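Naming: A, B, ... by sequence-line order, numbering from 1 per chain. Given the structure is predicted, the values throughout are model-derived calculations rather than measurements.
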Protein chains: 2
Amino acid sequence: MKSYNHYCTVAKALDAVGDRWTLLIIRELVSQGPCRYTDLMSGLPGIATNLLADRLAFLEESGIVWREPVPPPVAATLYHLTDAGEDLKPVLDALGTWGVRFMSKSHETDQFRSHWFKRPVSMFLKDRAPDGPPVSIQLSPEDYPAVIEASRDGIRTRPGRVESPDLELAGPPHLILATLSGRLSVKEAKATGLTLTGRVALLNRLRRDRAEASVANAVGA
Amino acid sequence: MKSYNHYCTVAKALDAVGDRWTLLIIRELVSQGPCRYTDLMSGLPGIATNLLADRLAFLEESGIVWREPVPPPVAATLYHLTDAGEDLKPVLDALGTWGVRFMSKSHETDQFRSHWFKRPVSMFLKDRAPDGPPVSIQLSPEDYPAVIEASRDGIRTRPGRVESPDLELAGPPHLILATLSGRLSVKEAKATGLTLTGRVALLNRLRRDRAEASVANAVGA
DNA sequence: CGGCATCCTCTTTGATACTG
DNA sequence: CAGTATCAAAGAGGATGCCG
């Protein structure tokens, strides 16, 4: 993209990461850690392969990403964030916080990936009984399942499945999120098409209310 | 711009404000308050008029901006941020904080406006003697002067001139900022082309050191 | 397969001119 | 003042080819 040529911090930041797709590439590297080219492709549905190559070259040149050549037999390149790249996390946090308002309605054609659950889930949940027994919640959208695990160490969300979860939420991603956030009651969620199996009461232990959520967000938690 | 069609908070945010120029329009409305069309044009050097019109229409449609028709004899339209628009401030703060790293070198062709001083100045300065006598510092780049005023009420930066400032810094914007931040000493600044007139010692009262700056930034100050 | 480069089409931008 | 109209150039999107 052409520079804005504004001597202004915001404009300079956008000169570096304001191109289409660029911040989503950073999102992938932040939420997935170091990625191969194909990992990025599958985490960025819709991107053209030449664009991904272009953006990665520009990000490397800008000192935001560095590439680690992994020698055979693995034979791949790993893309990492530099320190300057890691410093973009607050930008993603701010954008993600602001973007929560659009998550209530999901378009039919929207793509989804397991690791995209991490950000909103960490905003919506908080363990009200951290010394209670550890629990796991299986999130099952059509594909791309994820697991929420709460223990003394806090709440973690990761892609994948767990053997016998304490609770499972199966259905479209936006219903899963609406139920976790408390925007939908369990009754409403079931009526709209979510399947809840197991200890539904767990939601009361983990749901953070709206006021707390905005506070946590204000301090960048 | 076409939607990314990702069911992800960051992608949804970028669907709304990720278009080229959009966040800079928000920047203007945040730092200037309600603006007329021509105020925006002059605060956004380089934008094409049709693009500004397009973006404003989209922002209004998205509920981020609203237009107030001001009846004759003033005969103008005022563009305001809605509450959702104001909520974008943390995004600009995060981008602006990250973008500080690019402010040390200024390109010859970079444009500048007085009110762009506000954001970096508030990051660089802190009154170490808030109960001391109120002081004013005149910032004088080629055009677009601004004034820093420190009093019991805090530090404010505004476009314009003041009668007899306690200190004046005249020279290119990047030297003014480098000197305020402490990245350049007064001696270095003078050697590089900045003209300092008045009570140079004021800088010691107002400069925030690097460690403090990063802390203030971490909590979103 | 992983990591691009090329080619082509379509959309968006940027520059300028013009209007109520 | 507050835009709309026009048009050339740049960039995005999609398909496919190539090479270790």
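- Ion pairing between a basic and an acidic side chain is recognised when a charged N comes within 4.0 Å of a carboxylate O; B:K2 and B:D15 show no such pairing.
- Judged by distance alone, the side chain of A:D166 and the main-chain N or O of A:I137 form no donor-acceptor pair under 3.5 Å.
- Between the side chain of A:S62 and the backbone N or O of A:A16 there is no donor-acceptor pair closer than 3.5 Å.
- Remark: P of D:dA9 and CG of B:L51 are 18 Å apart, rounded to the nearest angstrom.
- By the 4.0 Å N-to-carboxylate-O rule, A:R113 lies too far from A:D143 to be salt-bridged with it.
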Shorter than 3.5 Å, N or O on both sides, protein versus nucleotides 14-16 of chain D: list them out with atom names.
residue: D:dG14; atom: O6; partner: A:N50; partner atom: ND2; Å: 3.0

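- Within the 4.5 Å cutoff, the side chain of A:T195 has no heavy atoms near those of the A:K190 side chain.
- A:I47 is not listed as a side-chain neighbour of B:Y4, based on a closest heavy-atom distance of 4.5 Å or more.
- Not a single donor-acceptor pair under 3.5 Å links the side chain of B:T9 to the backbone N or O of A:T97.
- A:F117 and A:Y144 have their aromatic ring centers separated by at least 6.0 angstrom.
- A:R208 places a side-chain N or O within 3.5 Å of a backbone atom of A:M123 that can act as its donor or acceptor partner.
- Defining each end axis of the helix from C:dC1-D:dG20 to C:dG20-D:dC1 as the rotation carrying four pairs' C1' atoms onto the next four, with five pairs an end, the two axes are found to diverge by 30° to 10 degrees.
- Residue B:Q138 comes nearest to B:G160 through the heavy atom pair NE2-O, 3.2 Å, listed as atom of the first residue, atom of the second, then distance.
- Across all non-hydrogen atoms, the minimal contact from B:R55 to B:R20 is NE-O, 2.9 Å.
- Less than 4.0 Å separates DNA chain D from no heavy atom of any residue of residues 61-69 of chain A.
- Of the candidates D:dC1, C:dG3, D:dG3, the closest approach to any side-chain atom of B:Y79 belongs to D:dG3.
- Side-chain atoms of A:L78 and A:H80, non-hydrogen and from C-beta on, do get closer than 4.5 Å to each other.
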Could you tabulate the donor-acceptor pairs under 3.5 Å formed by side-chain atoms of residues 28-46 of chain A, not counting sequence neighbours?
residue: A:E28; atom: OE1; partner: A:Q32; partner atom: NE2; Å: 3.0
residue: A:E28; atom: OE1; partner: A:H115; partner atom: NE2; Å: 2.8
residue: A:E28; atom: OE2; partner: A:H115; partner atom: NE2; Å: 3.2
residue: A:E28; atom: OE2; partner: A:W116; partner atom: NE1; Å: 3.0
residue: A:S31; atom: OG; partner: A:R27; partner atom: O; Å: 3.0
residue: A:Q32; atom: NE2; partner: A:H115; partner atom: NE2; Å: 3.4
residue: A:R36; atom: NE; partner: A:D39; partner atom: OD2; Å: 3.3
residue: A:R36; atom: NH2; partner: A:D39; partner atom: OD1; Å: 3.1
residue: A:Y37; atom: OH; partner: A:T49; partner atom: O; Å: 2.7
residue: A:Y37; atom: OH; partner: A:T49; partner atom: OG1; Å: 2.7
residue: A:D39; atom: OD2; partner: A:R36; partner atom: N; Å: 2.9
residue: A:S42; atom: OG; partner: A:T38; partner atom: O; Å: 3.2
residue: A:S42; atom: OG; partner: A:D39; partner atom: O; Å: 3.1

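- The CG atom of A:L78 sits 12 Å away from the P atom of C:dC4 (whole-angstrom rounding).
- Between A:L175 and the options A:L169, A:L180, A:T192, a side chain to side chain contact (heavy atoms under 4.5 Å, CB included) holds for only A:T192.
- Within residues 52-60 of chain B, the residues approaching DNA chain D are B:A53, by heavy-atom distance under 4.0 Å.
- Within residues 4-40 of chain A, the residues having any heavy atom under 4.0 Å from DNA chain C are, by residue number, A:R36, A:Y37, A:T38.
- If you take CD on B:Q111 and SG on A:C8, they are separated by 12.5 Å, rounding to the nearest 0.5 Å.
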